[in-house]
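Notes to accompany the following structure.
Owing to the predicted nature of the structure, the values given are computational and were not obtained by experimental measurement.
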Amino acid sequence: MSGIHQDSTHRSPQPHDIPIRDSALTETQQEAKTHAIVSYVFMVLGLITGIFWLVGAIWAMVKKSDARGTPFEDHYSNIIKTFWVGLVVTIISIPLAVALIGYLTLLTVWIWSIYRIVKGVARLSANQPYYR
């Protein structure tokens, strides 16, 4: 072959892959980041208390439009998706707990949620979007 094939794992960096220093953030970007942090904190507290899970999701839903066009916009989508998937799986798992499979699905969604929140906080602290 003529060397035209490129390995898809080696791509050139995209602008959103390069971290932005906090000092270089605009006021809108800084506010979007701060509100995403607040949502993630509520989501973490919600893993323990439950009600804060809802508060974190509502906060993200309300503030998502303020983050439009910033590198942090997709963090809000992550928080909202994590909330809805977690809620639906929890509702389905409760009656399934009678057959014991519900406990497994609850544990699975809890671990999945922790992963998404930790990944989000890590990428947010590096001033990067959730999705690359």
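Here the straight-line distance linking atom CH2 of Trp110 with atom OG1 of Thr105 works out to 14.5 Å at 0.5 Å rounding. The structure places CD1 of Ile94 at 6.5 Å from CG of Leu106, a figure rounded to the nearest 0.5 Å. With rounding to the nearest 0.5 Å, the separation of CZ in Phe42 from CD1 in Ile58 is 10.5 Å. Rounded to the nearest 0.5 Å, atoms CD1 (Ile92) and CD1 (Ile101) are 12.5 Å apart. Atom CG of Leu124 sits about 13.0 Å away from atom NZ of Lys119, to the nearest 0.5 Å. Distance check: Phe72 CZ to Thr34 OG1 gives 9.0 Å after rounding to the nearest 0.5 Å.
The closest donor-acceptor contact from the side chain of Tyr76 to the backbone of Ser39 lies at 3.5 Å or more, if one exists at all.
There is no path of hydrophobic side-chain contacts, each under 4.5 Å, that joins Tyr115 to Trp84. There is no path of hydrophobic side-chain contacts, each under 4.5 Å, that joins Leu100 to Val98. A chain of hydrophobic side-chain contacts below 4.5 Å, direct or via other Ile, Leu, Val, Met, Phe, Trp or Tyr residues, connects Met61 to Val44. Placement of Ile91 and Ile111 in two distinct hydrophobic clusters is found when ILVMFWY residues are connected by side-chain heavy-atom separations under 4.5 Å, directly or transitively. Hydrophobic clustering (side-chain heavy atoms under 4.5 Å, transitive across Ile, Leu, Val, Met, Phe, Trp, Tyr) keeps Leu107 apart from Tyr103.
Pairs engaging residues 65-89 under the salt bridge (charged side-chain N to carboxylate O under 4.0 Å, His left out) rule: Lys63-Asp66, Arg68-Glu73 [sequence neighbours left out].
Annotation for Ala57 and Phe83: closest pair CB-CG, 3.3 Å, computed over non-hydrogen atoms.
Listed by chain and number, the hydrophobic cluster partners of Val89 are Val85, Val109, Trp112, where partners are ILVMFWY side chains within reach of under 4.5 Å, directly or through others.
Between Thr70 and the options Glu31, Gln30, Gln29, Lys33, a side-chain contact (heavy atoms from CB on, under 4.5 Å) holds for only Gln29. Each of Ile80, Asn78, Ile79 was evaluated against Thr82; a single residue qualifies, Asn78, per the side-chain contact (heavy atoms from CB on, under 4.5 Å) test.
Using modelled atom types, one finds a donor on one side chain and an acceptor on the other under 3.5 Å when comparing Tyr40 with His75.
Using a 4.5 Å heavy-atom threshold, the side chains of Trp59 and Val62 count as separate. Side chains of Thr90 and Trp53 form no contact here, defined as non-hydrogen atoms less than 4.5 Å apart. Taking 4.5 Å as the limit, some side-chain heavy atom of Ile117 sits within range of a side-chain heavy atom of Leu47.
In this structure Lys64 satisfies the salt bridge (Lys or Arg N to Asp or Glu O under 4.0 Å) test with no other residue, sequence neighbours excluded.
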